[in-house]
Amino acid sequence: TLPSTFVDDLAKVLCGTYTRIDTGLRQIGVGAQSLLKVSKEGVDQSGQYLGVNYGHVALASSVELAKRVVEQEARIKRLESLIEKLI
């Protein structure tokens, strides 16, 4: 399982556009160095430069965010129910 702080830590990962050192192409993505602090498995360290395993990170992130959404929706329903009882 991923740490309970995964989503909060993921929100701190640097993202934006960058120019690749190896090809000179302009791309959009996340900083491998900042992602390393959140998920070592999400970063490819086998080559000369760090790389991001986008598919793996994207799927894991989607699942964790979906769990958070489900939890928040349940909380909203409980709060709405309490409010209805007060009205």
Side-chain angles (χ1 to χ4, degrees):
T1 61
L2 294 171
S4 61
T5 61
F6 181 78
V7 173
D8 296 319
D9 295 339
L10 187 64
K12 298 173 188 170
V13 172
L14 297 175
C15 66
T17 58
Y18 62 94
T19 303
R20 287 182 55 144
I21 296 171
D22 57 346
T23 64
L25 295 174
R26 193 94 177 128
Q27 294 185 331
I28 190 167
V30 300
Q33 294 86 349
S34 65
L35 182 60
L36 214 87
K37 297 173 186 174
V38 177
S39 170
K40 291 179 184 172
E41 299 82 1
V43 178
D44 180 4
Q45 301 181 58
S46 64
Q48 182 179 1
Y49 303 107
L50 296 177
V52 174
N53 296 320
Y54 282 100
H56 300 231
V57 173
L59 183 57
S61 300
S62 296
V63 170
E64 291 302 310
L65 289 168
K67 290 178 188 177
R68 178 81 58 101
V69 168
V70 169
E71 290 170 3
Q72 289 178 352
E73 286 179 346
R75 183 174 182 218
I76 289 168
K77 285 182 182 180
R78 285 193 306 272
L79 290 171
E80 287 174 340
S81 176
L82 288 172
I83 290 170
E84 287 177 12
K85 290 177 183 177
L86 293 173
I87 296 178

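We count residues from 1, following the sequence as given. Quick caveat: nothing in here was measured; it's all calculated off a predicted structure.
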Sorted by first residue and then second, give each side chain to side chain donor-acceptor pair (under 3.5 Å) pair with at least one member in residues 27-44; sequence neighbours left out.
Tyr18-Gln27, Asp44-Ser46
Between Cys15 and Val30, what is the shortest heavy-atom contact and its length?
CB-CG1, 3.9 Å
Contacts of type side chain to side chain contact (heavy atoms under 4.5 Å, CB included), residue Thr5, not counting sequence neighbours:
Pro3, Asp9
Run the side-chain donor-acceptor check on residues 66-87: report pairs under 3.5 Å with partners two or more places apart or on a different chain.
from, atom 1, to, atom 2, distance (Å)
Lys67, NZ, Glu64, OE2, 3.1

If Ile, Leu, Val, Met, Phe, Trp and Tyr residues are connected whenever their side-chain heavy atoms lie under 4.5 Å apart, and connections chain through other members, are Tyr54 and Leu2 in the same group?
yes
Would you indicate whether the side-chain heavy atoms of Ile21 and Gln48 approach each other to under 4.5 Å?
no
Among Val38, Leu35, Asn53, Val57, which residue meets the side chain to side chain contact (heavy atoms under 4.5 Å, CB included) test with Val43?
Leu35
Treat each ILVMFWY residue as a node, draw an edge where side-chain heavy atoms are under 4.5 Å apart, and state whether Leu14 and Leu50 are in one component.
no
